[in-house]
Amino acid sequence: RKEVEQDPGPFNVPEGATVAFNCTYSNSASQSFFWYRQDCRKEPKLLMSVYSSGNEDGRFTAQLNRASQYISLLIRDSKLSDSATYLCVVINNDMRFGAGTRLTVKP
Amino acid sequence: EAQVTQNPRYLITVTGKKLTVTCSQNMNHEYMSWYRQDPGLGLRQIYYSMNVEVTDKGDVPEGYKVSRKEKRNFPLILESPSPNQTSLYFCASSLVQDTQYFGPGTRLTVL
């Protein structure tokens, strides 16, 4: 079993839709959690950290469920520019990346 | 401008020909690392460095070497590249081991 698992997608949604991704992790001692965004053929960039209490940044909401060992990312009112691959990252003693979930937002 | 730079951006080489991919950051970050990214496997860490002269193996270190003689530079060395090292490589840096800033990537093809 991979340490960090994501549904690879692709998720194809129309503009304005709400879409959610989950990411499960196997190490219960994991301490920090992040979502990164990666555009095609570009480097990953930090989207947002994930806090235990959940956090929101504009149209994006991230949540952590320690009991079930997963993190989630919710995108509301999706835009064409949200099309990208979303990587979840889990830190214990090292950084573990999920393989990414690909999102395509269509007109 | 704060950034991580990598060179070269693209490289096609042949099996066994030693190569070095340079990585440099101008943010005075302590932590630097190298990843490879392959379809379906995501980013896998090759080596990392917590500070000058301190390097450690990541998940997939075989066939790679690194050095950290200066804080800003963290080159990746392939002494004898093989086709299974064909991949997209990213260098990254951060103040501590959390929010990482990635370089633009180096696409390597080993024939």
Side-chain angles (χ1 to χ4, degrees), chain A residues 1-11 21-27 29-52 55 57 60 62 64 70-71 73 84-103, chain B residues 1-10 21 23-25 27 29-50 54-61 66 76 87-109:
Chain A
R1 183 186 170 191
K2 290 181 184 176
E3 288 199 41
V4 181
E5 293 202 69
Q6 293 183 248
D7 182 343
F11 284 63
F21 310 133
N22 280 343
C23 168
T24 59
Y25 60 95
S26 60
N27 189 337
S30 298
Q31 302 144 354
S32 305
F33 309 87
F34 303 88
W35 283 102
Y36 277 70
R37 172 197 168 122
Q38 185 174 23
D39 293 296
C40 188
R41 299 181 183 277
K42 300 275 191 174
E43 71 272 24
K45 292 183 179 178
L46 178 68
L47 178 65
M48 60 196 302
S49 303
V50 186
Y51 303 122
S52 297
N55 49 300
D57 182 3
F60 298 83
L64 166 64
Y70 74 86
I71 63 174
L73 177 68
T85 297
Y86 292 84
L87 310 173
C88 70
V89 179
V90 175
I91 296 181
N92 184 12
N93 290 319
D94 50 17
M95 245 175 142
R96 298 285 178 172
F97 284 79
T101 297
R102 186 168 175 183
L103 171 68
Chain B
E1 180 191 354
Q3 60 182 352
V4 179
T5 56
Q6 293 178 228
N7 281 293
R9 295 288 313 281
Y10 303 91
V21 184
C23 173
S24 183
Q25 50 95 3
M27 295 171 278
H29 284 166
E30 309 263 319
Y31 187 92
M32 296 186 75
S33 56
W34 275 103
Y35 296 88
R36 61 178 288 173
Q37 187 173 34
D38 303 288
L41 297 176
L43 281 156
R44 293 180 293 167
Q45 193 176 55
I46 302 170
Y47 269 94
Y48 64 96
S49 169
M50 304 283 267
V54 179
T55 62
D56 280 297
K57 296 178 180 179
D59 294 325
V60 287
V66 293
L76 179 70
S87 187
L88 177 58
Y89 291 86
F90 288 103
C91 179
S93 76
S94 59
L95 271 175
V96 291
Q97 192 196 33
D98 56 2
T99 308
Q100 298 212 355
Y101 295 85
F102 285 84
T106 295
R107 191 167 289 278
L108 172 66
T109 301

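Since the structure is predicted, the reported quantities are computational estimates derived from the model, not experimental observations. Protein chains get the first letters and strands the later ones, always in sequence-line order, with residue 1 at the start of each.
- By the side-chain hydrogen bond (donor to acceptor under 3.5 Å, both in side chains) test, B:Gln25 is found to be paired with no residue, residues two or more places apart in sequence or in another chain being considered.
- Between the OG1 atom of A:Thr85 and the CD atom of B:Gln37 there is a distance of 8.0 Å, given to the nearest 0.5 Å.
- Contact count against chain B (heavy-atom pairs under 4.5 Å) is highest for A:Pro44 among A:Pro44, A:Ser32, A:Ala99.
- Contacts between B:Asp59 and chain A at a heavy-atom distance below 4.5 Å involve the side chain alone, from C-beta outward.
- Between A:Met95 and B:Tyr48 the shortest side-chain heavy-atom distance does not fall below 4.5 Å.
- Atom CZ of A:Arg37 has more than 12 heavy atoms from other residues, nucleotides or ligands within 6.0 Å.
- At a 4.5 Å heavy-atom cutoff, B:Arg44 makes no contact with chain A through either its backbone or its side chain.
- For the atom pair CG of B:Leu43 and CD of A:Glu43, the computed distance is 11.5 Å after rounding to the nearest 0.5 Å.
- Interface remark: of the candidates B:Gly105, B:Gly103, B:Gly40, B:Gly103 forms the most heavy-atom pairs closer than 4.5 Å to chain A.
- Shown here are the ring pair (Phe, Tyr, Trp, His ring centres under 6.0 Å) partners of B:Tyr47, two or more places apart in sequence or in another chain: there are none.
- Annotation: the span from B:Tyr35 atom OH to A:Phe97 atom CZ amounts to 4.5 Å, rounded to 0.5 Å.
- Note on A:Arg96, A:Lys42, A:Gln6, A:Lys45: by heavy-atom pairs under 4.5 Å with chain B, the leading option is A:Arg96.
- Counted within 6.0 Å of CZ on A:Phe21, heavy atoms from surrounding residues, nucleotides or ligands total more than 12; the atom is thus considered enclosed.
- The two residues B:Thr99 and A:Phe34 make their nearest non-hydrogen contact at OG1-CE2, 4.2 Å.
- With a threshold of 4.5 angstrom between heavy atoms, B:Tyr101 does not approach chain A through any atom at all.
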